[in-house]
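Each chain gets a letter, A, B and so on, in the order the sequences are listed, and its residues count up from 1. Small disclaimer: the values here were computed from a predicted structure and weren't measured.
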Amino acid sequence: MVSVIDVSQVTYQYPRKEKPVLKDISFTVPAGQFLAIIGPTGAGKSTLCYTFNGSVPRLFGGVFEGKVAVAGLDTYENEIPVMAQHMGLVVQNARSQLFSVTVEGEVAFGCENLGMPREMILQNIRKAMEFVGLEGLEDRQPSALSGGQQQRVAIACVLAMDPEVLVLDEPTSELDPIGSEQVMRVVARLNRELGKTIVLVTHDTEFAAQYADRVLVLSEGSLVCDGTPKEIFKQEELLAKVRVRAPQVCQAAFELRRRGLPITGIPVTLDEAVQLFRGLNGQPTGH
Amino acid sequence: MVGASYIPKKSFLHHLDARVKLAILFVILTLALTFSHPVYILVLLAVVILAWASAGLPFDFLKTLVKYFTGIAVLIFAIQVLFYPGETPLLKISAPIATIGFSGTISQEGVLFGAAMVLRLVVIMAAAPLLIMTTPLSELILALVKIRIPYRFAFILTTAMSLLPSLQNRAFLIQQAQLCRGVGDFENRNLLVKLKASASLLVPLILGSFRDSQVLDVAISSRAFGAPTPRTYLLETHLRTIDVALLIFSALALIAGITLRMLNLGIIR
Amino acid sequence: MDNQPVIEVNNLHHTYPNGVQALHGIDLRISSGEYIAVVGQNGSGKTTLAKHLNGLLKPSLGQIKINGIDISPMRISELSRIVGYVFQNPDDMLFCNSVEEEISFGLKLMGFEQSEKQERVEKSLKRMGLEQLRDQHPFTLSLGDRQRVAVACILAITPRIFVFDEPTTGQDYFGGQSIMETIEMLHADGCTILIITHDMRLVAEQAQRVIVMNGGRIAIDAPPGEAFKQLDLLEKLSLRAPQITRLSQLLGWQGEALLDVPGFCDWVEQSWRTQDEAKRW
C-alpha cells in the first residue's frame, strides 16, 4: 500500500497565538482514498490542509514540529511550487482564489508556472474543463460566474496540473444547493473516475457518509477518531462531545434506540436508513 | 484610473500589440512633461482624445475624471497663476507679500503655465486608460515580461489593477451594511465625526482586502507561483508590420518632440 | 393580531442598472410576528426582494407598504428604525475599538440624545448577552460573537422587523445554532423575522412559512410542511428537503412533510408500536 500523504507527529502554532492549533497529529493516506476531515470550527482542519503543501509554515510562519510528506516529498525539503505538482488545493471562498480575466487564463496559470509546453497546457485545459463540465466558458470572466461554477473553475485549475492529490477545504459551505451539488459530484468523480486521492474538509456529514472511504475527526487540534463512515457516525457520544452533527438518519436511529425500538445498526446513508426502517416495519427491503 | 478596466471591442488600438501601446503611452507622457506651453500640450490632448474616439472608449469615463479632478485642477491653476514669476503683468491684485513669495501681480506667463499644468494632468490621466481599457491583462503581463520586466513584478502590478473592481464592489457592500446600522448620513457633522465615519468604510475595506489577499497568496502558491522553472505562456503575441511601423513612428515623434524642446520651442518664455 | 399586514408588497418589479430584471411582479403580505424563510437559487431574486424592505433598493415598478405606509419617499436611515437588515458578514460592518463603541456609534449618528443613547446601548448589550464583552475589541472575538455584536448594533435601533441575510452560511452546525437562538429570541419578543437562506434544515426546523423564489417570481409560498411535500417541484427548483424529510417520503409518508428528527421518530415509533404482534419479526 503506497501512502501518498504521510503526516507524522505534527504540532503547529500560529505566530502570536498562545496555543498550538495542531497537536501531535499522525496519519497516512493511501493512494486513491477519499478522506473526509470533519470537526467543529477552530479544530484546525484548514490549517492541516495547509500543511500538506508546506503553506504552513512557509507562508504563515509560526512554530512547526513534525513531518509532512506528499508523494514522498517532504515539505521541509521541498518548496511549495514543487509540492504543488503533486497536491492541488481548493479553498473555501471561490471568489478569493480567482483573479484572471478569463477562465482559460485562470486554468492555464498553474501549468504556465510549471513551465509546461504550450500544446500540453492547451490539452490539459481542455480535459480539465470537460471534466468539471464547463466547456464553452473559456472566455468568460471568472468573477461573473456563479459560486458553483467558480469552484469548479478552481478545481479545473488544479486538475490541469495533474496532481495525485486534491485537497478541498470546505468547497461548498458558501454555495447554494445547486452549486454545492455540482461541485460535490465533480469531487466524487475525481476519486471514482480518475483515481485521485481526495482530502475533503466538510461540515456536510451526510455527504461525507455517502462518498468518503474514511473519516478523520479533528477536535481542538487533536485527531480524536479515525475510521470508515460507518465506524465514525455510529458513535453518538463522541460526536456530541466534539460537537459534530451526525447525519440526520443517524440522529433518528439514536433517538429511536433511546425510545426502546430494536435498532440493530446505525445507518449512515439514506439508502441504509431506508433498508433499516423498512425492515423495522416488516416491509420488504429489497431494492 | 479607478474603474478603468478592459473593455472588449474591435478597434485599431485594441489590435495593436501591447508593447506598442506601452511605447506610445511612454512617448505621450514624456512629451507632456517635456513641453510646458499649453498649446503644445493641447495638441497632445487632442491626439489622446482622438485615440479615445477611435477605440470606441466611453466618454463618460472622461467626464467622471473631469468631475473628480476639477477641484485639484482649480487649485493647481490658482497656485501657478498667483505664484509663477512671470514678466508680463496682466493684472495687479495687491502689494507684494515677500514672505510667501507673492509678487502681487498675475502675469501672462503664470496663466499660461497654470493652464499647461492642468492640461498635463488631464493628458496623463486620460492617456493611461488608453492602454488599460484596450488591453486584456494577460496581454499586458506578456508585454511587460517581453520587455524584460520580471514576471513577479508584472503579475503583482496587473493583478492589483484587476482587483480594483472587486475592491469597489466590496466598498459598496460595506457602505450598504453601514447604512443599515445608522452610519452613512454624514451631512451636517463636525470633522471629527466625519473622520470616524470614514473609518467605517476604510477599516472593513482594508481588513477584508487583506484577508482576501492572504487567501489569494495561498491559492497562487498552491498553483506553483514562483516556481524556479522558466515560465511558459499560453498566450502568444507577435509584432506585425503595423506594430513595428507605429513603434518607429513613436520613436520619431519622441525625437522630434525633444528636438523642438531643445530649440526652445514648446515652453513659455 | 392585527388584520392589516405589517409588510405589503404590491406588484413589485425591479430592473438593475445593467438591464437585468430581477423581480417580475411580486405580491406579498406578511403579518406581524411571522417567521419567514426566503429561499431560492442565487439569482432567483431573494436578496433583491429583501433589499427593497429597508430601502436599499427602490422599486422600478410597484409599491411597498410597511405598517400601512408607502415607504418609497423614506430614506434608508428612517427605514432602518423599522426594518433591521443584518448582512451576512459582520466584518463588513465592524470598525470600532470596543463592542460598546460599536453599538453606540450608529446611535450617535442617528441623533439620539446622550441619555437615550446610553439606555439603548445598555439594553442591547444585555439582550444579546454581550455585557461581559463590552470593552473588548470586536476583532478579538469569535465569529459567533462578532455576529451577535452586529445584531446588537441593529437591535439598538429597535426595529420590529428583522431581515437576516444568510445568517448560517459558511458556519458549522453549532456555530449556526448561536445565531439561530438569537433570531428565536427576537421572534419570541414579537418581532417579524425574514431569513434569506440556503440552509434547508434551518427552513424546515425554524420557519413558519417558506417563500421559494425562482426567476424573479414566487414559486411557492406555504408552511414548510406543505412546501417540502412537493418533491418534483423542489427538484425542478434545484432545492432539496432535509435528509430526514426525504427519508420519510421514501418510507411512504404521505402527509405534511416531516421536518425534523423528533417528528420522524414520533411517526416511526407510533407505527411500530401499533403493529400486530404477528407482523413483527
Open item on the list: Quick check: closest heavy atoms across B:Pro204 and C:Leu94, and the distance to 0.1 Å?
Closed with: CG-O, 3.9 Å
- [ ] Count the heavy-atom pairs under 4.5 Å between each of B:Gln175, B:Arg170, B:Gln178 and chain C, then report the option with the highest count.
- [x] B:Gln178
Open item on the list: Quick check on B:Leu207 against chain C: is it the side chain, the backbone, both or neither that has a heavy atom closer than 4.5 Å?
Closed with: side chain
Open item on the list: Counting only heavy atoms not in C:Tyr16 (residues, nucleotides, ligands), do more than 12 fall under 6.0 Å from its OH?
Closed with: yes
Open item on the list: So if I take each residue of residues 124-156 of chain C and look for any heavy atom under 4.5 Å from a heavy atom in chain B, which residues do I end up with?
Closed with: C:Phe139, C:Cys153, C:Ile154
Open item on the list: Around atom NZ of C:Lys123, are there more than 12 heavy atoms from other residues, nucleotides or ligands closer than 6.0 Å?
Closed with: no
Task: Residue pairs involving residues 69-93 of chain C (criterion ring pair (Phe, Tyr, Trp, His ring centres under 6.0 Å); sequence neighbours excluded) - done: C:Tyr85-C:Phe87
Task: chain B contact via C:Glu101 - which portion, at a heavy-atom distance below 4.5 Å - done: side chain
Open item on the list: A side-chain contact here means heavy atoms from C-beta on lying under 4.5 Å apart; do C:Asp91 and B:Arg211 qualify?
Closed with: yes
- [ ] Measure B:Gln176 against the heavy atoms of chain C and call it side chain, backbone, both or neither at under 4.5 Å.
- [x] both
Open item on the list: For B:Phe153, is the CZ atom crowded, meaning more than 12 foreign heavy atoms sit under 6.0 Å from it?
Closed with: no
TODO: Look at atom CZ of B:Phe59 and say whether more than 12 heavy atoms of other residues, nucleotides or ligands are closer to it than 6.0 Å.
DONE: yes
TODO: Might you point out which heavy atoms bring B:Cys180 and C:Ser80 nearest each other, and give the distance in Å?
DONE: O-CB, 3.6 Å
Task: Proximity of residues 35-62 of chain C to chain B, residues having a non-hydrogen atom under 4.5 angstrom - done: C:Lys51, C:Asn54, C:Leu56
Open item on the list: If we ignore hydrogens and angles and just use 3.5 Å, is the side chain of B:Arg181 paired with the main-chain N or O of C:Glu102 as donor and acceptor?
Closed with: yes
Open item on the list: If I take atom CE from residue C:Met93 and atom CG from residue B:Leu179, how far apart are they, to the nearest 0.5 angstrom?
Closed with: 12.0 Å
TODO: Supply the atom-to-atom distance C:Asp92 CG to B:Ser200 OG, rounded to the nearest 0.5 angstrom.
DONE: 12.0 Å
Task: salt bridge (charged side-chain N to carboxylate O under 4.0 Å, His left out) against C:Glu113, all qualifying residues, sequence neighbours excluded - done: none
Task: chain C interface, residue from B:Leu201, B:Val203, B:Leu205 that has the most non-hydrogen pairs under 4.5 Å - done: B:Val203
